[in-house]
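I have placed the structure first, in the form of structure tokens, so that the comments after it can refer back to it.
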Amino acid sequence: MSSSNSSTLKEMRNGSVSENGLDYKSGYGYGGGVKDQYGEDSATEDQLITPWSFSVASGSTLLRDPRYNKGLAFTEKERDAHYLRGLLPPAIFTQELQEKRLMHNLRQYEVPLHRYMAMMDLQERNERLFYKLLIDNVEELLPVVYTPTVGEACQKYGSIFRRPQGLYISLKEKGKILEVLKNWPEKTIQVIVVTDGERILGLGDLGCQGMGIPVGKLSLYTALGGVRPSSCLPITIDVGTNNEKLLNNEFYIGLRHKRATGKEYEELLEEFMHAAKQNYGEKVLIQFEDFANHNAFDLLAKYSKSHLVFNDDIQGTASVVLAGLLASLKLVGGTLADHKFLFLGAGEAGTGIAELIALEISKQTKAPLEETRKKIWLVDSKGLIVSSRMESLQQFKKPWAHEHEPVKGLLDAVKAIKPTVLIGSSGVGKTFTKEVVEAMASLNEKPLILALSNPTSQSECTAEEAYTWSKGRAIFASGSPFDPVEYEGKVFVPGQANNAYIFPGFGLGLIISGAIRVRDEMLLAASEALAAQVTQENFDKGLIYPPFTNIRKISAHIAADVAAKAYELGLASHLPRPKDLVKYAESCMYSPVYRSYR
């Protein structure tokens, strides 16, 4: 071979020349004749490339779009029309068969977190099938996509992170939050669930990894309340974390510094609230989720006057617990005003529930709120909240400081106050001890015991403990699910005071009425609507909540009553008012059944 030929070959191998006009480096005549049109393969790592994508949903693009992908359910006609031939195996499955196959696969997983990850993968692959699965198997899958499994998912979110499922707004975005909101592909947003990750369930500060909570909540807004997935936006506001374990974890996905507080924090939240309203309008519902006590009350008080805001930990929990109490009156007798309530935990949930109970008693008896609050006692980490502690109490605890000598522990408080209802919202597990439950049972024929803290590990007591220690007399409900318990030949089915009964229907009610503000009267309406859905058959099993299998019907009734209250209060903007609000709510609900494509 001549020296000129060998030098030419060397140059061609180096990609510096082309032969017959074919550039070796770009791929013509080399590697299948595919031109590297955008220069991605030939670019060095430090060169910039353009991430091109197609706008027409067909072929592989359609299969990668979770909103339109149907997997093996595409018909012969659709496969031809949308260039799917050869991209799928020849079999055609119905959505029902796909659902059966997936449920079979999910049940093979022994670790709940693996089941959670499989569900999240499905949501990113095939949105309608994800919601069909969740709606049709709600009692089995609710603990997977929400509490208790979502708690573990948040703890390990950095390790299992795959694709962003919501918006992350950190201190780096200060001054640019409106631009960040515009980066989200959906423009018509009706519900935002936002957290700053400081108090995730009963697990504490999980920082940026709290994103699992807004994602989980919004999947329930769709599955249980019928709000369109495209109009839901999960947001995590990252101002740092005080969790040393996360700060030292190399896989942590958030800002690596201590939490910003004071003015810096308030300014970021202020900018976010204004940007959300500016971008999505007056009627976008902003749900605050898992903020720490000191911020949660302030944010709700500050923005409830100017925005459509709702705090699920304060208001949602209160509404679902009040519904259980109203329903339980059929089992224990009397009116709400006849009962005496003792809380363990005086944070967001405890004081929120207490206030709603006092409001409902005030509504029923026409007694002033200051009077009805006296039927409710709270125990915090320092003991019974009494008037002699007034000076040192946080603002939100002061209405519950009644005249009484100081009492240190919960057991002593039970003996001193003699409550008929014991409610745990402390976030501390195993605090309803055998002695506490036995004391409640000695004071009451049917003691009402609600162990509300999540996840299951933080529950004040288990269902088995409540039924066994009360000798089968307790009426029990918890925040996280427990299996049925057999005691002396009788099977007890514990109720679950899960916020998922309330917030999806509540949100739907606000949306269908075009409400511009949330009021306490709407929360009372939601509680009464839920209590009305408990049947005699449920009561016979000792249940104070209806089964989740009927949750969409329940949500429609809650939505209708919340919307009716919005119209009554002059806060609804969707006019004229629909004649049948239940039917209208049902007609507005998202259906996950596959659509046919042209």
Side-chain angles (χ1 to χ4, degrees), residues 112-113 116 139 142-155 199-204 206 212-213 216 290 312-313 316-318 320-321 323-325 328 341-350 352-354 378-381 409-411 413-414 419 421-441 447-470 472-487 492-502 542-545 548:
L113 185 63
Y116 172 89
E139 290 190 310
L142 194 61
V144 175
V145 298
Y146 203 59
T147 182
T149 312
V150 75
E152 187 187 353
C154 287
Q155 287 174 313
R199 193 203 59 82
I200 298 297
L201 302 174
L203 303 170
L206 297 183
I213 297 291
D290 287 355
D312 193 42
D313 306 299
T317 305
V320 78
V321 171
L325 295 174
S328 71
F341 305 86
L342 180 64
F343 284 77
L344 176 64
E348 292 169 60
I353 299 162
L378 279 71
V379 172
D380 65 6
S381 57
L410 177 63
L411 181 59
V414 169
V421 181
L422 180 64
I423 299 173
S425 60
S426 61
V428 183
K430 309 291 176 198
T431 39
F432 288 177
T433 60
K434 186 169 189 274
E435 292 76 21
V436 167
V437 174
E438 284 175 348
M440 283 295 293
L448 190 53
I449 297 172
L450 307 181
L452 303 177
S453 294
N454 288 319
T456 316
S457 59
Q458 307 304 114
S459 187
E460 284 79 8
C461 69
T462 66
E464 187 174 4
E465 288 166 348
Y467 292 125
T468 306
W469 294 339
S470 68
R473 288 191 282 121
I475 294 162
F476 176 81
S478 56
S480 285
F482 283 104
D483 291 330
V485 174
E486 190 175 335
Y487 177 77
F492 295 88
V493 184
Q496 191 187 353
N498 192 322
N499 294 22
Y501 276 116
I502 291 286
L543 285 170
I544 54 174
Y545 292 100
F548 261 110

Inset, instruction - To the nearest 0.5 Å, tell me how far Leu203 CG sits from Asn454 CG. - result: 9.0 Å
Inset, instruction - I would like to know whether Ile353 and Thr317 meet side-chain contact (heavy atoms from CB on, under 4.5 Å); could you show each step before the answer? - result: CA-CA 7 Å; Ile353 299 162; Thr317 305; 3.8 Å; yes
Legend entry - Leu422 side chain reached by Leu448 side chain, heavy atoms, under 4.5 Å: no
Legend entry - Euclidean distance, Ile200 CD1 relative to Asp290 CG, rounded to 0.5 Å: 4.5 Å
Legend entry - Between Glu460 and Ser453, a side-chain donor and acceptor under 3.5 Å: yes
Inset, instruction - Would you check if there is a donor-acceptor pair between the side chains of Thr147 and Ser480 at a distance under 3.5 Å? - result: yes
Legend entry - N/O donor-acceptor pair under 3.5 Å between Arg473 side chain and Ala441 backbone: yes
Legend entry - Heavy-atom check, side chain of Phe548 versus side chain of Gln496, under 4.5 Å: yes
Inset, instruction - Mark yes or no for whether Thr431, through its side chain, and Val428, through its backbone, hold a donor-acceptor pair below 3.5 Å. - result: yes
Legend entry - Distance, nearest 0.5 Å, that separates NZ of Lys430 from OG1 of Thr462: 5.5 Å
Inset, instruction - Take atom CD of Glu438 as the centre, draw a 6.0 Å sphere, and report whether it contains more than 12 heavy atoms from other residues, nucleotides or ligands. - result: yes
Legend entry - Shortest non-hydrogen contact from Phe482 toward Pro494: O-CG, 3.4 Å
Inset, instruction - Taking the side chain as every heavy atom from C-beta outward, state whether Pro112 and Pro143 have any pair of such atoms under 4.5 Å apart. - result: no
Legend entry - Side chains of Gln155 and Leu206 in contact at under 4.5 Å (non-hydrogen atoms): yes
Legend entry - Rounded distance [0.5 Å steps], CH2 in Trp469 versus CD in Glu435: 8.0 Å
Inset, instruction - Drop me the distance from Leu452's CG to Ser478's OG, to the nearest 0.5 angstrom. - result: 8.0 Å
Legend entry - Polar side-chain atom of Asn499 near backbone of Val320 as donor-acceptor pair, under 3.5 Å: no
Legend entry - Heavy-atom side-chain proximity of Met440 to Val414 below 4.5 angstrom: yes
Legend entry - Over all atoms of both residues, closest heavy-atom pair of Tyr116 and Val144: CD1-O, 3.2 Å
Legend entry - Minimum heavy-atom distance Tyr545-Ala477, with the two atoms named: CE1-CB, 4.1 Å
Legend entry - Interatomic distance, Leu410 atom CG to Leu344 atom CG [nearest 0.5 angstrom]: 5.0 Å
Inset, instruction - Side-chain contact test, heavy atoms from C-beta onward, threshold under 4.5 Å: evaluate it for Ser470 versus Phe476 and give yes or no. - result: no
Inset, instruction - Can you see which heavy atom on Gly345 is nearest to which on Ser425, and at what distance? - result: O-OG, 3.4 Å
Legend entry - Residues Phe343, Val379; criterion side-chain contact (heavy atoms from CB on, under 4.5 Å); working and verdict: CA-CA 6 Å; Phe343 284 77; Val379 172; over 6 Å; no
Inset, instruction - Start with the C-alpha distance between Leu450 and Ile475, add both sets of side-chain angles, then the distance that settles side-chain contact (heavy atoms from CB on, under 4.5 Å), and finish with yes or no. - result: CA-CA 8 Å; Leu450 307 181; Ile475 294 162; over 6 Å; no
Inset, instruction - Check whether any side-chain heavy atom of Leu378 lies under 4.5 Å from a side-chain heavy atom of Phe341, and answer yes or no. - result: no
Legend entry - Ring center gap for Tyr467 and Tyr487 short of 6.0 angstrom: no
Legend entry - Check: Val150 and Val145 side chains under 4.5 Å, non-hydrogen atoms: no
